[in-house]
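For reference, the structure is listed below as structure tokens.
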2 protein chains.
Amino acid sequence: MELQNTLVKKPQPVPEPTVRRMPSYLTILHRLHDEHVLFVSAPQLARQLNVDPTQVVKDISYTGITGRTRVGYGVDELIGGLEEFLGFNRKHEAFLVGAGFLGSALMQYQGFREAGMKIVAAFDTDKKKIGTEVAGIPVFDLEKFRDLAGRLHITIGIITTPASVAQQIADLMVGWGIKAIWNFTPIALKVPSNVIIQDTHIYANLAVMLNKLAAIKEEI
Amino acid sequence: MELQNTLVKKPQPVPEPTVRRMPSYLTILHRLHDEHVLFVSAPQLARQLNVDPTQVVKDISYTGITGRTRVGYGVDELIGGLEEFLGFNRKHEAFLVGAGFLGSALMQYQGFREAGMKIVAAFDTDKKKIGTEVAGIPVFDLEKFRDLAGRLHITIGIITTPASVAQQIADLMVGWGIKAIWNFTPIALKVPSNVIIQDTHIYANLAVMLNKLAAIKEEI
DNA sequence: TCTTAATAAAGAAAAAAATCTTTAATTAAT
DNA sequence: ATTAATTAAAGATTTTTTTCTTTATTAAGA
Ligand SMILES: NC(=O)c1ccc[n+]([C@@H]2O[C@H](COP(=O)([O-])OP(=O)(O)OC[C@H]3O[C@@H](n4cnc5c(N)ncnc54)[C@H](O)[C@@H]3O)[C@@H](O)[C@H]2O)c1
Ligand SMILES: NC(=O)c1ccc[n+]([C@@H]2O[C@H](COP(=O)([O-])OP(=O)(O)OC[C@H]3O[C@@H](n4cnc5c(N)ncnc54)[C@H](O)[C@@H]3O)[C@@H](O)[C@H]2O)c1
């Protein structure tokens, strides 16, 4: 019984900072690909991203892709390895709740396709929005969510409602079988431990920026 | 000469993770304030944010606000302390370049006022957008940026242009006296070391979420 | 062919952050 | 007034992440 534990491969020992850096590598690699560059070295990537070269080597090692001494990594091979690792080459269908300003911007955003994510439907309670389309994505009455999520086997939910209703939307999503919630409201959502919450807290970024800005102003 | 160094207070030894958590404390505190709650303990805050109680105590200690044993922290006092520390009670005026979908969403967003930030003008190269207004914020020709930034002493720039032009916008901003750039494009911008870059890389969050989602699916 | 320089890779060390532990204060209950 | 429980605060420990160091490989140049 104890033995099994050593045989089962550990779920995710990849450091989160590494995962966060990977899409940045991809951005650079895609540009290099477009410029018909065939190989790139870790120090080159490191310079463009202001990180340590050995950090780049370590990050890339998690993908299983190996480089060649004095040559670097094959650009296309590395793109493939990163996309495979991140799951960007698979199809991830998502539902969005709250088709307001931010929700609409996300629906319009073409960049998610590069990450394999597709917002297939949006939901709102505003009668004026229900029945409309945003960038070809239909906006349904929130009531329809349960039925559609079950039928289409949707596992990703995006919340861009006002903060005041975010928790109740999250509760509904959990009940409807959503496994991962991308939360753009400033609320800390409470969900069962088997549901993944990904917060994009815009204030956190703003706070860090203002903090640094205040620091350099103090120096003067 | 060496002595001076010990007298001058260190610029910012506050851990970035602490700064990132502070706006979340504020969100909860504002709700407590609205509910006329006068005191809150660190363990209470910790439970709501799923962080360690001692972490909360440590984070709050950076604001200089002290709590009372068996009572907790005064809600209003703590709000004041956090806002003061983060600079949310000061006025931060910003220019935004790229009045597209995301840029417009940010301009419409009322929440920045809570953080003292005000987008005072937007800039674009699209003739159809120049001369219009978004949520009362005028959209000017990019050419006007330099002149206005200098006259209004703007130090914060927000970039929501297509990724392909982000670096050249950043270069222009630096030349025009911008001290902090909030970058929403997936590009790693190169700027002089005295200019602050704050990236909001949406792919990084997506990558972490997909990675965790893949991990739980693997377990099954 | 031999040498040199660049680089991936692995491991060690350092730094940063989170968590755990202890202490002391003090409020509320008895 | 006394006791017990709660909690802030400070410090120690552990964990995580980054940076530094070493080694070995190998492509390019002499
Ligand atoms: N706009 C931004 O740039 C921005 C940036 C960061 C964070 N946010 C956050 O994103 C969220 C939305 O912001 P916004 O500016 O798009 O607001 P918004 O008012 O434009 O959009 C909210 C939408 O949610 C809908 N809605 C309200 N209650 C609902 C419910 N119970 N079920 C389903 N839909 C419901 C509304 O009808 C509306 O369409 C907020 O929580 C905000 O804090 C916005
Ligand atoms: N829309 C989203 O939800 C979203 C999410 C994350 C990141 N982003 C990033 O934000 C950026 C903008 O995305 P979007 O969806 O708003 O695109 P968009 O095309 O709607 O907006 C871009 C705007 O920039 C303007 N522009 C183009 N060149 C310019 C220049 N040289 N100077 C000034 N303005 C210029 C365009 O006229 C347009 O108004 C992209 O880099 C994208 O990767 C968008």
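In what follows, chains are A, B, ... by sequence order, proteins preceding strands, each numbered from 1. These figures come from a predicted structure and were not determined experimentally.
The side chain of B:Asp52 lies closest to C:dT19 when the candidates are C:dA25, C:dA9, C:dT19. With C:dA18, C:dA8, D:dT7 as the choices, the nucleotide that has an atom nearest any side-chain atom of B:Thr69 turns out to be D:dT7. Among the nucleotides C:dT27, C:dA10, C:dA17, the one closest to any side-chain atom of B:Pro17 is C:dA17. Here D:dA9 is the nucleotide among D:dT7, C:dT7, D:dA9 with the atom lying nearest to any side-chain atom of B:Tyr73.
Under a 3.5 Å cut-off, the side chain of B:Gln168 and the backbone N or O of B:Val165 do not form any donor-acceptor pair.
Counting non-hydrogen atoms under 4.0 angstrom, A:Ser41 reaches the backbone sugars and phosphates but no base. Counting non-hydrogen atoms under 4.0 angstrom, B:Thr66 reaches the backbone sugars and phosphates but no base. Residue contacts for A:Thr18: at a heavy-atom cut-off of 4.0 Å it reaches no nucleic acid atom on any strand shown. Backbone-only contact: B:Pro43 has heavy atoms under 4.0 Å from sugar-phosphate atoms and none from a base.
Atom CZ of A:Arg47 is separated from atom C1' of C:dA6 by 11 Å (rounded to the nearest Å). In this structure, CD of B:Glu16 is placed 12 Å from C1' of C:dA16, rounded to the nearest angstrom. Between the C1' atom of C:dA18 and the CG atom of B:Asn50 lies a distance of 15 Å, rounded to the nearest Å. To the nearest angstrom, C1' of C:dT19 lies 8 Å from CD of B:Gln55. Rounded to a whole Å, the CZ atom of A:Arg20 is 12 Å from the P atom of D:dT17. Atoms CD (A:Gln44) and C1' (C:dA8) sit 14 Å apart, rounded to a whole Å. Note: OH (B:Tyr62) to C1' (D:dA10) measures 12 Å, nearest angstrom. A:Phe39 has its CZ atom 13 Å from the C1' atom of D:dT26, to the nearest Å.
Between A:Val40 and B:Arg68, the residue anchored nearer the 5' end of DNA chain C, judged by the nucleotide with its closest heavy atom, is A:Val40. Residue B:Arg21 is the one, among B:Val71 and B:Arg21, whose nearest nucleotide of DNA chain C lies closer to the 5' end (criterion: closest heavy atom). Nearer to the 5' terminus of DNA chain D, by closest-nucleotide assignment, is the contact made by A:Asp59 (compared with the other of A:Arg70 and A:Asp59).
Residue A:His201 is tested with A:Asn183, A:Ile187, A:Leu206 for a side chain to side chain contact (heavy atoms under 4.5 Å, CB included); the sole match is A:Asn183.
A heavy atom closer than 4.0 Å to some atom of DNA chain D occurs in no member of residues 190-208 of chain B.
B:Phe95 has its ring centre less than 6.0 Å from the ring centre of B:Phe123.
When all heavy atoms of B:Gln48 and A:Ala188 are compared, the closest pair comes out as O-CB, 3.6 Å. Of all heavy-atom pairs spanning A:Ile119 and A:Ile137, the tightest one is O-CD1, 3.4 Å.
Using bins of under 30°, 30° to 60° and over 60° for the plane-to-plane angle, the ring pair A:Trp182/A:Phe112 lands in the perpendicular bin.
A donor and an acceptor atom sit less than 3.5 Å apart, one in the side chain of B:Lys58 and one in the base of C:dT19.
Using a 4.5 Å heavy-atom threshold, the side chains of A:Leu78 and A:Leu45 count as touching.
Environment of CZ in A:Arg146: sparse, with no more than 12 heavy atoms of neighbouring residues, nucleotides or ligands closer than 6.0 Å.
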